[in-house]
Amino acid sequence: MGQKRFNSDRIYDVPPAGVVMGLSWTELGGAALYIETIEKDSGHGGPGIKVTGQLGDVMKESTDIAYSYTRAFLSRQDHKLFGTQFFSNASVHMHVPEGATPKDGPSAGVTMVTSLLSLASGQQILPNVAMTGELTLTGKVLPVGGIKEKVIAARRAGIQTVIVPYDNQKDVEELYDGIKEGMNFVFAQEYQDVYNAAFGPDAPYYKEVPKG
Amino acid sequence: MGQKRFNSDRIYDVPPAGVVMGLSWTELGGAALYIETIEKDSGHGGPGIKVTGQLGDVMKESTDIAYSYTRAFLSRQDHKLFGTQFFSNASVHMHVPEGATPKDGPSAGVTMVTSLLSLASGQQILPNVAMTGELTLTGKVLPVGGIKEKVIAARRAGIQTVIVPYDNQKDVEELYDGIKEGMNFVFAQEYQDVYNAAFGPDAPYYKEVPKG
Amino acid sequence: MGQKRFNSDRIYDVPPAGVVMGLSWTELGGAALYIETIEKDSGHGGPGIKVTGQLGDVMKESTDIAYSYTRAFLSRQDHKLFGTQFFSNASVHMHVPEGATPKDGPSAGVTMVTSLLSLASGQQILPNVAMTGELTLTGKVLPVGGIKEKVIAARRAGIQTVIVPYDNQKDVEELYDGIKEGMNFVFAQEYQDVYNAAFGPDAPYYKEVPKG
């Protein structure tokens with residue numbers, strides 16, 4: 001139904017807390033893929049998460065993994081920090097626009113956790129950051145496909161910092177310089193690497209990651 | 001089976017609170033698509049929403065998004081305003097006539113929220129307003145298809161103000177003047193734009209939207 | 001989508017408590033197959049287990065068997081030992097990366113129990129141990145397929161001790177010496193044999209197994 005405008009997949013100039021730009025790809029190319037999470041008003045049932053956006057089975061499991069990981073991540077923080085108890089009470093809703101487009105795959109794992117932590121802490125991520133990466137339940141960041149298409153989509157959307165899995169480093173190195181010019185790449189092994197790059201050193205759960 | 005009467009898709013002369021005219025389209029043309037929401041009698045189970053009308057998966061998810069968004073929207077209002085606590089207790093039922101016609105797609109998102117807010121506040125929308133637009137969980141209004149067919153259907157139903165997504169502005173500009181004559185178009189970026197146009201400046205949740 | 005790097009299926013250098021390397025095989029060869037289990041933060045519903053990783057029906061049943069067996073195993077330990085009451089309260093999540101790869105079969109049974117016991121006791125398994133074996137509900141270890149491919153995968157991942165079912169002993173003997181050189185094989189009849197080899201004689205639930 002008609003042509004998408006250049007850059008039309010950037011919905012947010014400055015995403016509010018709870019909204020994070022991920023990156024997806026299909027055979028037709030890459031695209032921005034936002035993860036939006038809000039807290040529903042309190043007083044409705046117990047804590048929990050609801051998910052919408054025509055997600056396939058793998059992506060639905062990614063939301064489960066992200067939700068479990070986020071709660072475990074927060075339980076390891078100093079409990080006096082704001083937001084660490086958030087999911088003990090909050091009933092949240094995660095949505096992945098656009099609502100009519102079927103989506104699947106595990107590569108939004110790190111984006112989902114970032115969206116949940118952004119909501120819990122009430123803190124927006126740094127401007128012009130996008131990310132991609134599969135997450136394991138303990139926070140390892142696994143490599144994903146479509147790096148080239150995703151970087152092109154990020155560039156088109158005006159992104160300056162792209163967080164990608166460490167094991168995709170070679171894929172980024174192979175991109176020709178014109179695509180990467182002026183962009184900053186962060187290679188994440190652990191989710192904490194993603195957190196640090198997305199929120200910066202002043203963020204409440206920032207922690208140096210020792211590298212071997 | 002038989003010929004539709006001209007204008008037969010206008011069910012309501014003046015829709016009561018909880019009822020809002022949306023716009024749908026198929027390959028056969030556009031049509032009015034009402035969203036009706038009522039409060040079921042109290043004392044039956046907890047708060048919640050039931051949906052009927054042969055909705056497909058995408059449209060069912062739209063109702064979830066609309067319900068979550070509406071509750072979050074109300075929680076941000078001054079709590080002394082009438083209706084802001086409505087969904088803490090109300091068990092509501094949303095229906096999309098005609099009940100035998102399968103319907104799908106995300107473009108009734110803004111209409112659903114408007115229906116829910118109309119019910120919560122007990123306030124009808126302004127006369128002869130119809131709307132279309134996909135909603136994200138944070139209230140962004142995303143573009144939809146079939147603008148031409150929807151505007152023709154709105155005109156046929158005697159609608160004077162059509163609320164469409166901001167990113168569909170070009171589609172409206174391309175329509176020939178005969179279709180648009182005497183009609184007023186509102187281009188919405190945020191749901192608040194939709195609310196303002198649907199209920200007017202005297203409505204309880206009316207708020208100026210700063211434009212950049 | 002591109003070539004896997006040599007040894008890329010080793011996600012963990014030193015797996016934390018709750019993470020155990022199993023071994024899988026397909027027609028294309030063997031691979032490391034991690035079982036990850038974490039405790040979700042407390043205060044969310046009752047105790048229970050959630051499972052993700054695109055598991056087929058047989059493997060899902062394996063998680064049920066592993067969970068039941070683990071709880072029964074712990075109930076037979078001295079109750080003063082750390083971790084024996086863990087599953088009375090804990091809500092846990094078990095995941096099998098990579099999230100997009102469908103997996104099935106019963107041969108991760110012993111790995112799942114080991115992951116659960118590792119989490120409950122807060123104790124990592126010994127370094128460079130991997131395992132495979134179907135488990136019965138009473139703790140018998142049944143033989144599995146693909147021993148050759150699994151041993152090759154274990155070797156490639158730097159594993160030194162491989163725990164295999166007792167009834168697969170012949171399959172190991174038939175492997176040529178070059179594959180097995182420098183590797184240590186443990187043949188398990190009962191789950192306790194697996195536990196002893198995975199955690200060592202200082203582990204809390206270590207127990208000599210009388211052999212007939």
Side-chain angles (χ1 to χ4, degrees), chain A residues 1-21 31-46 48-57 59-60 63 90-103 112 115-116 118-119 124, chain B residues 25 45-49 56-77 79 84-90 104-109 133-149 165-171 174 189-190 212:
Chain A
M1 296 304 110
Q3 210 81 19
K4 280 252 174 194
R5 262 183 309 294
F6 174 82
N7 208 7
S8 74
D9 54 355
R10 179 143 189 174
I11 302 178
Y12 293 91
D13 280 337
V14 181
V19 177
V20 178
M21 192 199 283
L33 183 89
Y34 283 96
I35 305 291
E36 305 177 324
T37 313
I38 65 166
E39 184 180 8
K40 302 195 274 188
D41 63 341
S42 58
H44 281 270
I49 184 166
K50 177 179 195 69
V51 181
T52 52
Q54 291 298 297
L55 310 190
D57 286 348
M59 200 161 177
K60 272 185 196 153
T63 66
S91 170
V92 302
H93 184 154
M94 180 183 283
H95 177 58
V96 192
E98 304 170 350
T101 308
K103 308 161 192 88
M112 289 171 175
S115 166
L116 291 167
S118 169
L119 182 70
Q124 296 161 272
Chain B
W25 74 298
I49 184 167
D57 286 348
V58 172
M59 201 163 177
K60 272 186 197 153
E61 286 196 345
S62 279
T63 65
D64 286 334
I65 296 162
Y67 187 56
S68 290
Y69 176 76
T70 300
R71 285 154 59 185
F73 178 96
L74 287 172
S75 75
R76 286 192 299 272
Q77 308 302 317
H79 285 210
T84 56
Q85 311 299 318
F86 180 76
F87 292 103
S88 302
N89 300 303
D104 208 352
S107 75
E134 175 172 352
L135 197 71
T136 84
L137 200 45
T138 64
K140 295 283 179 187
V141 179
L142 301 185
V144 297
I147 289 295
K148 182 181 173 184
E149 292 79 0
Y166 184 84
D167 285 344
N168 285 118
Q169 191 158 1
K170 200 163 134 281
D171 302 305
E174 282 170 358
Q189 283 186 293
E190 311 273 347

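Predicted model only: the values in this text are computed from it and were never measured. We name chains A, B, ... by the order of the sequence lines, and we start the count at 1 in each one.
- Listed options B:D57, B:L137, B:V58, B:L135 were ranked by heavy-atom pairs under 4.5 angstrom with chain A; first place goes to B:L137.
- The number of heavy-atom neighbours closer than 6.0 Å to NZ of A:K103, taken from other residues, nucleotides and ligands shown, is above 12.
- Residue A:I38 holds its CD1 atom at 8.5 Å from CZ of B:R71, rounded to the nearest 0.5 Å.
- Interface residue B:I65: backbone and side-chain heavy atoms are both found under 4.5 Å from chain A.
- With sequence neighbours excluded, the residues forming a salt bridge (charged side-chain N to carboxylate O under 4.0 Å, His left out) with A:K50 are B:D64, listed by chain and number.
- Nearest heavy-atom pair, B:S68 versus A:K40, reported as atom, atom and distance to 0.1 Å: OG-CD, 3.1 Å.
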Can you list the steps and then say if A:Y34 with B:T136 is a side chain to side chain donor-acceptor pair (under 3.5 Å)? CA-CA 10 Å; A:Y34 283 96; B:T136 84; over 6 Å; no

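- Partners of B:K140 under the side chain to side chain donor-acceptor pair (under 3.5 Å) rule, at least two apart in sequence or in another chain, are B:E190.
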